[in-house]
K.L.:
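My structure is below; once you've seen it, I'll send some questions.
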Amino acid sequence: MDSIMEDDDDIRRQQEPYVEAATSCFDNPEIIRAFVFHLWKTCVPQLSDVMIGLAKDGPWSSKLAEEAVRSSLKPFFELSLWLLCCGRGDQSTPPSAYLRALKSRMPSSVCGFRWQENDMIVSCKDCGADPTCAICMPCFLESDHAGHDYKMHRSSGGVCDCGDAQAWKPTGFCCKHSGLPDDFDPSSYIPPPVLNTARITLRAVLDILIANFMDLRAGKNKDVGQVCIFGITSWLTELQGYGDAWKRVLVEALAEPAGDVSQLSPDTEPPNRSAINIMVDAHDRLRERYRVALHDFYYDMLTDAAFKRVFLIQFMRCYKELAHRTAEYERRTPDGKLLRGGLTPLSVQLLTVPKLVLELMRTHSLLDTIVNELIGTMGIARRVETPQHGAYLVNPQDQVFLDPMIWKIYRLVGKRSVSV
């Protein structure tokens, strides 16, 4: 551990000339991007060396790999956060302190508390947009539901909808969560110089993430690439926790086309796709632990209405492949074990927003996608084919049909389609 700390100090000393250059050019995208890439290239070889050592010591350990990420990439994440804050903060008051102070001046719009299995939650027929909507107990105790038809029950997972006008009536919001108007951009809370540099920095960090996803798809750097994806995902999760403003900045960066990553992955062609599209498409290729971390990042981001729209569009583009991989996994698993960290369960969070679902039915053929996938799911579970009619019977006891999530999704979409 001492040698790692010494390496960190050496890396920081090596970066001093680059830090000075970046400080004088916070509004220059080329210099900021070059600085972020340089930091990454400086830190990753150390991580690779540690990973090689771990491989020699014994079987794969996610815990040891995560410790390696935290130690080896610490200078990269610290300096990237400093850069993102436009140089705010120093050793006595780090950038995280600046971000916390900025968050304290922003109103809290949506609760978004992610509850665990068996947490006590409250559903309200007078306030919830559908039966899946619920709020946590602290929000319920701070809101007015006198005379409402509500019930308390145990959670099987999900997030608190307090403050989300698409899921919960504003009259049922608690006193701490006021919601956001549809036409309001929360990133306006960030000072313009910081916002400009933050956008440039985030684009560069996301391009590094995309380079690792592209390598993963190509079968390169599987171990190092996956822990790098986990490390950046953890950093992004920490950033979005600083409030609605940073979530919106993240949404903008995720929705834009990925940049040229040939400096990081020489054999990789420019992807010409958005970062979120590449991430969703390659999600199931991650190890379970890292897949869960990325799933949780998406879950936390879903409190932003703009992210719901961006994510759902990309999710539906990859829905056929995601659903088939999930169905095949569950069908091959004797005990019916679900794919941990898979994206298909997020359908319940996405397809229960009437305004969004109706829009995508009209503009992105969402209903056609769902119906075709239902037919495809039946095809996976087919039992007897009837050639003369081009039809087949299905096995209702097939593992695919034992997942209640599938029927919840189809039922919800069916309800939404009635209004189209």
K.L.:
What pair of heavy atoms forms the shortest contact from I135 to S143, and how long is it?
P.N.:
CD1-OG, 4.2 Å
K.L.:
When you look at I121 and F140, which way does the side-chain contact (heavy atoms from CB on, under 4.5 Å) test go after all the steps?
P.N.:
CA-CA 8 Å; I121 60 175; F140 174 74; over 6 Å; no
K.L.:
Under the side chain to side chain contact (heavy atoms under 4.5 Å, CB included) test, which residues partner E256, sequence neighbours left out?
P.N.:
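Testing E256 for side chain to side chain contact (heavy atoms under 4.5 Å, CB included), a comparison that skips the adjacent residues, returns R203.
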K.L.:
Could you report the tightest heavy-atom contact between V36 and F76, atom names first, then the distance?
P.N.:
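Reported closest heavy-atom pair: O-CE1, 3.6 Å.
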K.L.:
For D281, which residues count as a side chain to side chain contact (heavy atoms under 4.5 Å, CB included) partner, sequence neighbours excluded?
P.N.:
R217, R273, C318
K.L.:
Consider side-chain contact (heavy atoms from CB on, under 4.5 Å). Of L216, L209, I208, which one does N212 pass it with?
P.N.:
I208
K.L.:
Does L264 form a side-chain contact (heavy atoms from CB on, under 4.5 Å) with D215? I'd like the steps, not just the answer.
P.N.:
CA-CA 10 Å; L264 305 165; D215 283 348; over 6 Å; no
K.L.:
For H364, what residues pass the side-chain hydrogen bond (donor to acceptor under 3.5 Å, both in side chains) criterion, not counting sequence neighbours?
P.N.:
none
K.L.:
Taking only residues at least two apart or on different chains, which pairs with a member in residues 343-360 satisfy salt bridge (charged side-chain N to carboxylate O under 4.0 Å, His left out)?
P.N.:
D182-K355, R309-E359
K.L.:
List for me each residue that meets salt bridge (Lys or Arg N to Asp or Glu O under 4.0 Å) alongside D244, sequence neighbours excluded, and say none if there are none.
P.N.:
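Counting only residues at least two positions away or on another chain, D244 forms no salt bridge (Lys or Arg N to Asp or Glu O under 4.0 Å).
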K.L.:
Compile the donor-acceptor pairs under 3.5 Å between side chains in residues 159-171 and protein atoms, sequence neighbours left out, one pair per line.
P.N.:
{"unit_1": "D161", "atom_1": "OD2", "unit_2": "A134", "atom_2": "N", "d": "3.0"}
{"unit_1": "D164", "atom_1": "OD1", "unit_2": "Q166", "atom_2": "N", "d": "3.0"}
{"unit_1": "D164", "atom_1": "OD2", "unit_2": "K308", "atom_2": "NZ", "d": "3.0"}
{"unit_1": "W168", "atom_1": "NE1", "unit_2": "G172", "atom_2": "O", "d": "3.2"}
{"unit_1": "K169", "atom_1": "NZ", "unit_2": "D126", "atom_2": "O", "d": "3.1"}

K.L.:
L73 and C43: which non-hydrogen atoms are nearest, and at how many Å?
P.N.:
CD2-CB, 3.8 Å
K.L.:
Looking only at heavy atoms, which two atoms of G231 and V69 are closest? And how far apart?
P.N.:
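Smallest heavy-atom distance, with atoms named: CA-CG1, 3.6 Å.
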K.L.:
Tell me if a side-chain donor or acceptor on D368 pairs with a main-chain N or O of S365 at a distance below 3.5 Å.
P.N.:
no
K.L.:
Got H177 and C174 here, is their nearest side-chain heavy-atom distance under 4.5 Å?
P.N.:
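Touching, per the 4.5 Å side-chain cut-off.
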K.L.:
I need the full list of side chain to side chain donor-acceptor pair (under 3.5 Å) pairs touching residues 188-202, with sequence neighbours left out, sorted by first then second residue.
P.N.:
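Every pair satisfying side chain to side chain donor-acceptor pair (under 3.5 Å) with a residue in residues 188-202: R199-E252.
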K.L.:
Per the salt bridge (charged side-chain N to carboxylate O under 4.0 Å, His left out) rule, what does the pair list look like for residues 101-116, sequence neighbours excluded?
P.N.:
R114-D296, R114-D300
K.L.:
What is the minimum heavy-atom distance between L202 and A253, and which atoms define it?
P.N.:
CB-CB, 4.3 Å
K.L.:
Using the side-chain hydrogen bond (donor to acceptor under 3.5 Å, both in side chains) criterion, which residues pair with S123? Sequence neighbours excluded.
P.N.:
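Here the qualifying residues are H153.
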K.L.:
By side chain to side chain contact (heavy atoms under 4.5 Å, CB included), which residues pair with H283, not counting sequence neighbours?
P.N.:
R291, L294, H295, Y298, L343
K.L.:
Is there a donor-acceptor pair under 3.5 Å between the side chain of N118 and the backbone N or O of R154?
P.N.:
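A pair under 3.5 Å: no.
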K.L.:
Mind checking what makes side-chain hydrogen bond (donor to acceptor under 3.5 Å, both in side chains) contact with S274, not counting sequence neighbours?
P.N.:
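Scan of S274 (side-chain hydrogen bond (donor to acceptor under 3.5 Å, both in side chains), adjacent residues dropped) gives none.
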K.L.:
Taking the side chain as every heavy atom from C-beta outward, state whether K247 and L239 have any atom pair closer than 4.5 Å.
P.N.:
no
K.L.:
Taking the side chain as every heavy atom from C-beta outward, state whether W235 and V205 have any pair of such atoms under 4.5 Å apart.
P.N.:
yes
K.L.:
Could you report the tightest heavy-atom contact between A204 and F37, atom names first, then the distance?
P.N.:
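Minimum heavy-atom separation between A204 and F37: O-CE1, 3.6 Å.
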K.L.:
Step by step, would you call S80 with W40 a side-chain contact (heavy atoms from CB on, under 4.5 Å)?
P.N.:
CA-CA 10 Å; S80 293; W40 182 258; over 6 Å; no
K.L.:
Ring-plane angle category for F297 and F307, please: parallel below 30°, perpendicular beyond 60°, tilted otherwise.
P.N.:
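Because their plane-to-plane angle is over 60°, the rings of F297 and F307 count as perpendicular.
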K.L.:
Test of understanding: with salt bridge (Lys or Arg N to Asp or Glu O under 4.0 Å), list the residues that count as partners of E142, not counting sequence neighbours.
P.N.:
none
